[in-house]
Every structure is written in C-alpha cells, then in structure tokens.
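Only heavy atoms go into these numbers, but all of them, side chains included; no hydrogens, no water, no symmetry mates. This chain uses plain numbering: 1 for the first residue, then up along the sequence.
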Amino acid sequence: MRPRNSKDSPISSSSSPYSYTPKNPPPPPPPPSKKRRKQQQQPLFSLIKLTLSLSMAGQSRKWVILVATIWLQAFTGTNFDFSAYSSEMKALLGISQVQLNYLAVASDLGKAFGWSSGLALMYLPLWSVMFIASFMGLFGYGLQWFVLRGLFSPPYFVVFFLCLLSGCSICWFNTVCFVLCIKNFPANRALALSLTVSFNGVSAALYTLAANSINPSSNPLYLLLNALIPLLTSFAALIPILRQPELDPLPSVAVQRDSLIFFFLNFLAVCTGFYLLFLTSSTNDMISSRFLFGGATFLLFLPLCIPGIVYARDWFKEVHSNFQIDGPGFILVDHDDLELHKEMSTRGGDYALDAMSLLGNRNANGDRSTKSILNGFTVLNAGKNDVCCGTVIKKDQLVMLGEEHSASELVCRVDFWLYYIAYFCGGTIGLVYSNNLGQIAQSLGQSSSTSSLITLYSSFSFFGRLLSATPDYIRAKFYFARTGWLAIALIPTPIAFFLLTGSGTALTLQTGTALIGLSSGFIFAAAVSITSELFGPSSVGVNHNILITNIPIGSLVYGLLAAVVYDSHAGNSTQKISMVTDTVVCMGRHCYFWTFFWWGCLSVVGLFSCLLLFLRTKHAYDRFERDRVSSQLE
C-alpha cells in the first residue's frame with residue numbers, strides 16, 4: 001500500500017503513519033461566523049426546497065388530470081338522457097315502439113366498437129382521440145337536433161346511423177378516461193377508476209339542470225347540449241392532458257397520502273350526489289335551475305382544492321422535519337425515510353397489481369411457489385363430495401388472481417361466461433330500463449315527472465358507482481371477495497322489477513327507479529376492476545371490450561321484448577290509446593306489466609349466476625389476501 005500524498009488527502013490526520021505533514025503548515029482558517037455560515041447554507045437550502053417544490057408540483061399535476069377526467073365523465077354520459085327526448089322523436093318520425101327501440105340499440109351498439117378507440121391510440125396522441133370523440137358526438141347529436149327541429153327529414157336508417165355514431169363517441173371518451181387513470185395512478189388505479197366512472201352516472205342530472213336553466217319546455221334542447229358540452233369540456237381538459245407529468249413509482253407513504261386524498265374526493269362526490277338528488281330532482285323553474293346548475297358546476301371544480309391542501313400540509317411538514325440545521329451541516333432525511341425509499345411499491349390497494357407482484361415473487365422462489373400452489377389445490381380438494389353442485393363449482397376454477405388470459409383463453413373459461421351472464425342479466429337490464437323510462441312514465445300517467453325520474457336514476461346510479469370502491473377502503477378491517485360484493489349489488493334489481501309488477505303508483509315507480517339505478521351503477525363501475533382481477537390487468541382493455549358486447553345484445557333483446565309487449569297492448573281496443581301523428585301511445589299498467597315480470601325473472605338468473613361466480617372465485621380471492629398479508633409481514 002502506497003502512502004497518500006497531499007493531493008489525495010488535503011487534510012491529513014497526524015496520527016496516521018501514511019500521512020504527510022509539511023514543515024510549516026499554514027494556520028487553519030478561522031471558523032466562519034454564525035451569520036456567514038447561514039449565508040453559505042442559504043443557496044443549498046433554496047435549491048433543495050426548489051427541487052422538492054418541483055417534485056410536488058409534478059405530483060400535483062396528476063390530480064389536475066384526475067379532475068379533468070371527472071369533468072369528461074360527468075359531461076359525456078349523454079346516452080342516459082335518451083328517455084328525455086325519445087317520446088318526441090317517436091312522434092316526429094312517426095315510428096313504432098319497436099323502431100324506437102332500434103335507435104336505443106344503435107346508441108348502445110357503439111360500445112361494440114370500443115376496440116376502434118384502442119386502435120386509434122396506437123397511432124394517435126391521446127388528446128387527438130379525445131377530440132375525435134367530441135366531433136363524432138357533435139355530428140351525431142347535432143344532426144339529430146336538426147331533425148327534431150324540423151330543419152330536414154332524413155330516412156330512418158340515417159337517424160339510426162347518427163345514433164350509432166353518438167354511442168361510439170361515448171365509448172371513445174371512456175377509453176380516454178381509462179387511459180388517463182391507469183397511466184397517472186398505477187398504485188391507486190381501482191380508486192381512480194371507480195371515482196371517475198361514478199361521475200358518468202350524474203350526466204343525466206347535469207343535462208337536465210342545464211336544459212331547465214335554458215328552456216324547460218324544450219326536449220330537443222337535450223340533443224343540442226349533448227353535441228356542444230362534451231366539445232367544450234374537451235377544450236377545458238386539453239391543457240392538463242398535454243402537461244402530463246412523468247411519474248416515478250411512489251413510496252408507501254405517498255400511496256397512503258394519495259389514498260387519503262381519494263377518501264376526501266369520494267366524500268365530496270357523495271355531497272355532489274346528495275346535492276343533485278335532493279335539490280334538483282323536483283326543480284323545473286328556469287331561475288332556480290340556473291342557480292342550482294351553477295352550484296353543481298362549482299362542486300365539479302371544488303376537487304381541485306383538496307390535493308392542493310394536502311400537498312401544502314405535506315410541504316410544510318417536509319420543511320420543518322427534513323431541513324434541520326445541526327451545526328455546519330444538514331440532515332435532509334432521517335434513517336426511517338431512507339428505509340422507506342428502499343421499499344418502493346406501486347400496489348396501494350390495487351388487487352391486480354398486487355397479484356402481478358406476487359407472481360413475480362413466486363417466480364423468484366420456486367419452492368415457495370410449488371408449496372403455495374399445492375396448498376391451493378389442497379383447499380380445492382377439501383370437502384370434495386359427489387354432489388353435482390360441488391362439481392359445477394370446482395370444475396375449471398381459477399387458481400390465482402391476476403393471471404393473464406388471451407381472448408381465446410377468455411371465451412373458454414366457465415368463470416367468464418358466468419360473469420357475462422351476471423352482467424347481461426343485471427347492469428344491462430338497468431340500462432335498458434333507463435332507455436325506456438320516458439315511455440314507462442308516460443304509460444303510467446307520469447309524463448310530467450320524466451325529468452325527475454331521470455335525475456333520480458342518475459343520482460342513485462352515481463351512488464352505486466361510488467359504493468363500488470367500498471372493498472378497497474374496508475379490506476384492512478373486513479375482507480370480502482369483490483365477486484361477492486357484485487352478487488350483493490344485484491339483489492335490488494329483481495326486487496325493483498317485482499315491485500313495479502305489483503304496483504303502478506308514483507311512489508313505486510320512484511322506488512324501483514332508485515333501486516335499479518343503484519344496482520346497475522355498482523355493476524358498471526366494479527366491472528373494470530373485476531375483469532382485471534380475474535383475467536389479468538395487462539389484458540383488461542381487450543377482455544373488458546369483449547365483456548361489454550353484452551350491452552348492445554341486451555339492449556336489442558330486452559328492448560325488443562319491451563317494445564313488442566308495448567305495441568301489442570297499444571293495439572288492444574280495451575286500452576286507452578292516444579294518437580299522435582300516426583304513432584300509437586299505450587296507456588296503463590299493462591303496457592309494461594309483462595316486461596317488468598320477465599325482466600325480474602331474468603335478473604334472478606343473473607343473481608344466481610353471480611352467486612356461482614362468487615363460490616368459484618372465493619378461494620382465489622382468499623388465497624390472494626393471505627399472500628398479501630404474509631408478504632407485508634415479511
């Protein structure tokens with residue numbers, strides 16, 4: 001070992017045998033004064049504070065994107081107000097109830113072309129896909145408004161195409177919103193999706209307020225608003241989308257902070273839902289509607305403040321705790337903070353991401369993987385008997401959550417078809433009910449209450465979507481498989497339809513509408529997370545689009561059933577019939593009696609299918625929760 005020279009060690013220790021000490025060492029410089037030392041520390045302190053501020057600013061921009069996504073979802077659920085103008089469209093076009101049902105099917109058929117938005121994102125930036133969706137809605141709804149205003153009279157197939165184009169624009173908007181949530185909130189993806197999708201349920205209530213604030217007596221006004229408001233909202237969301245930050249994986253403390261922000265945002269969303277439900281459901285006055293619409297708009301802007309307050313609080317904590325001056329040096333972070341940064345994780349409550357992480361752990365430790373899988377098969381084989389029901393439940397079960405499924409593998413799984421039937425006989429029936437709500441209210445003599453019923457359905461659909469985030473908030477204290485929550489959410493639907501079958505009073509109609517909205521809203525919001533958990537997070541885009549093909553099919557089947565029953569009773573001479581420009585209008589309970597009965601029976605089938613799905617997937621959810629808890633303990 002060679003001795004170090006003065007260049008290697010300008011300040012040497014005299015006790016070291018390898019140190020070099022000059023004969024006439026210069027006197028040591030005097031210690032800096034307290035004031036001078038403070039001046040030397042100030043530039044470094046300012047630089048670190050600036051870096052921290054820029055980091056927090058980058059993180060805060062993702063919340064602006066979340067609020068922009070909320071605006072997009074709140075003002076692009078334009079298919080939910082179809083029943084507000086459907087009766088007038090039926091009268092003006094001189095079509096039957098069956099033909100009107102085909103127009104509703106065309107609007108829902110746009111969801112079958114959801115793959116086109118994903119294809120467009122492969123070649124186009126996100127903001128351009130958003131504006132393509134805006135202009136599709138502008139063209140589709142705008143020309144329908146011209147039709148209802150009598151400015152031109154196209155043939156029926158042109159109106160059908162316009163409804164199809166309008167429905168396709170909604171699907172493209174949903175794709176944009178999903179991508180924004182997944183990209184900017186990888187650790188809290190389930191919370192971000194459930195929150196933003198929830199606001200899609202209040203679209204009908206917001207459009208009802210907007211229409212009543214301009215002209216309460218004009219039903220075609222809904223079409224004009226459907227054409228213009230999404231375009232204006234896209235311009236408002238453009239700048240946040242263009243300024244998306246580059247996000248790094250968050251430490252666990254940051255994930256918990258984000259979960260706290262989501263809790264406050266959900267609380268504010270509940271306040272928004274109660275505001276729309278109790279203050280706007282019975283308001284048709286123009287002045288009051290303008291005031292209430294302004295309040296609703298303010299509530300949509302208010303979420304911008306909550307992340308700022310939380311980040312400001314954390315910033316002050318960082319300044320007081322991390323920038324401690326101790327003599328001539330800085331203590332930037334303590335030992336606990338260093339350990340915290342070593343444990344980066346992007347899970348934060350998302351079951352799908354947790355599952356992929358656990359899969360990685362299993363691949364790294366083959367013995368543990370084999371043992372865990374053997375334990376899983378032991379659970380599957382425990383209590384095996386010769387009962388046929390047991391065979392149905394255990395055949396081709398999912399062994400673990402988060403396993404990727406291709407499209408061909410997906411359609412070969414029993415669990416997927418049970419899931420498909422549950423959605424088809426649950427949420428889709430609720431959507432078809434909302435499409436027919438105008439004719440249902442008219443047949444029961446409640447035409448004047450149509451806008452209130454639309455607001456009621458919209459508000460409870462909103463609450464149902466918010467409730468879909470419940471498993472993510474309470475799983476630390478009470479864990480239950482998400483497919484079990486889905487089965488519970490399906491229970492109100494058959495209850496509502498059998499209530500409507502037994503009575504045709506205004507109270508029954510309102511109660512049934514609220515229950516159906518609550519149930520279908522939960523299903524719509526929870527479906528994305530369930531698809532991700534059961535069939536893989538990386539394949540969720542393709543697999544979920546395959547799942548929602550049941551919506552146009554159900555819209556055709558259920559709507560055709562309702563239309564055939566409606567027209568058959570309208571043609572009965574014993575019923576009260578009203579002629580409006582060659583269009584027969586059915587009046588009385590019998591117009592939808594058998595429709596409600598069959599819809600109720602089909603929803604029972606959906607509930608039974610969902611219960612089977614829960615029993616078949618419960619062991620996979622339980623196993624995942626055990627692995628998650630054990631990995632946290634380790």
Side-chain angles (χ1 to χ4, degrees), residues 72 75-117 120 129-176 200 203-204 207-208 210-211 218-234 431-432 434-439 454 548-549 551-556 559-560 563 581-583:
L72 288 174
F75 289 110
T76 57
T78 49
N79 58 327
F80 289 109
D81 60 16
F82 176 79
S83 56
Y85 56 85
S86 59
S87 296
E88 189 163 345
M89 178 176 287
K90 176 183 176 182
L92 185 64
L93 297 178
I95 57 178
S96 65
Q97 186 68 21
V98 173
Q99 291 174 308
L100 180 66
N101 172 71
Y102 290 150
L103 297 183
V105 171
S107 180
D108 295 329
L109 191 61
K111 296 179 176 62
F113 296 95
W115 55 268
S116 60
S117 58
V129 175
M130 178 180 66
F131 276 103
I132 291 174
S134 301
F135 283 105
M136 283 194 296
L138 179 67
F139 184 76
Y141 286 115
L143 290 183
Q144 289 182 68
W145 179 74
F146 283 132
V147 171
L148 290 191
R149 295 293 295 177
L151 299 179
F152 78 107
S153 301
Y156 176 79
F157 76 89
V158 174
V159 181
F160 182 91
F161 172 75
L162 294 177
C163 292
L164 177 64
L165 188 64
S166 303
C168 192
S169 72
I170 299 170
C171 187
W172 279 49
F173 272 122
N174 288 337
T175 301
V176 170
N200 194 251
S203 294
Y207 277 98
T208 300
S218 177
N219 290 329
L221 183 59
Y222 283 90
L223 288 167
L224 182 62
L225 294 175
N226 289 349
L228 295 178
I229 291 181
L231 180 61
L232 298 177
T233 307
S234 298
L431 181 61
V432 176
S434 69
N435 290 338
N436 286 269
L437 197 53
Q439 282 69 47
I454 294 173
I548 62 176
T549 55
I551 294 179
I553 297 174
S555 182
L556 175 63
L560 186 61
T581 62
D582 300 330
T583 301

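- Residues satisfying the ring pair (Phe, Tyr, Trp, His ring centres under 6.0 Å) criterion with Tyr85, sequence neighbours excluded, are Phe82.
- Not counting sequence neighbours, Tyr102 has no partner by the ring pair (Phe, Tyr, Trp, His ring centres under 6.0 Å) test.
- In this structure, the side chain to side chain contact (heavy atoms under 4.5 Å, CB included) partners of Asn79, at least two apart in sequence or on a different chain, are Ser107, Asp108, Lys111, Ile170, Leu431.
- Taking the side-chain hydrogen bond (donor to acceptor under 3.5 Å, both in side chains) definition, one finds that Ser434 meets it with nothing, sequence neighbours left out.
- Every residue two or more places apart in sequence or in another chain that forms a side-chain hydrogen bond (donor to acceptor under 3.5 Å, both in side chains) with Ser234 is listed here: Ser134.
- Sorted by first and then second residue, the side-chain hydrogen bond (donor to acceptor under 3.5 Å, both in side chains) pairs with a member in residues 137-155 read Thr78-Tyr141, Gln144-Ser166; sequence neighbours excluded.
- Residues meeting the side chain to side chain contact (heavy atoms under 4.5 Å, CB included) test with Val129, sequence neighbours left out: Ala120, Leu121, Leu124, Trp172, Val176.
- Applying the side-chain hydrogen bond (donor to acceptor under 3.5 Å, both in side chains) test to Asn436 and every residue at least two apart in sequence or in another chain returns nothing.
- Applying the side-chain hydrogen bond (donor to acceptor under 3.5 Å, both in side chains) rule to Gln97 yields the partners Lys90; only residues at least two apart in sequence or on another chain are considered.
- Taking the side chain to side chain contact (heavy atoms under 4.5 Å, CB included) definition, one finds that Ile553 meets it with Tyr420, Phe424, Val557, sequence neighbours left out.
- Identified under the side-chain hydrogen bond (donor to acceptor under 3.5 Å, both in side chains) test for residues 220-231, with sequence neighbours left out: Asp81-Asn226.
- With sequence neighbours left out, Leu221 forms a side chain to side chain contact (heavy atoms under 4.5 Å, CB included) with Ala211, Ile214, Asn215, Ser218, Leu224, Leu225.
- No side-chain donor-acceptor contact under 3.5 Å links Ser83 to the backbone of Leu437.
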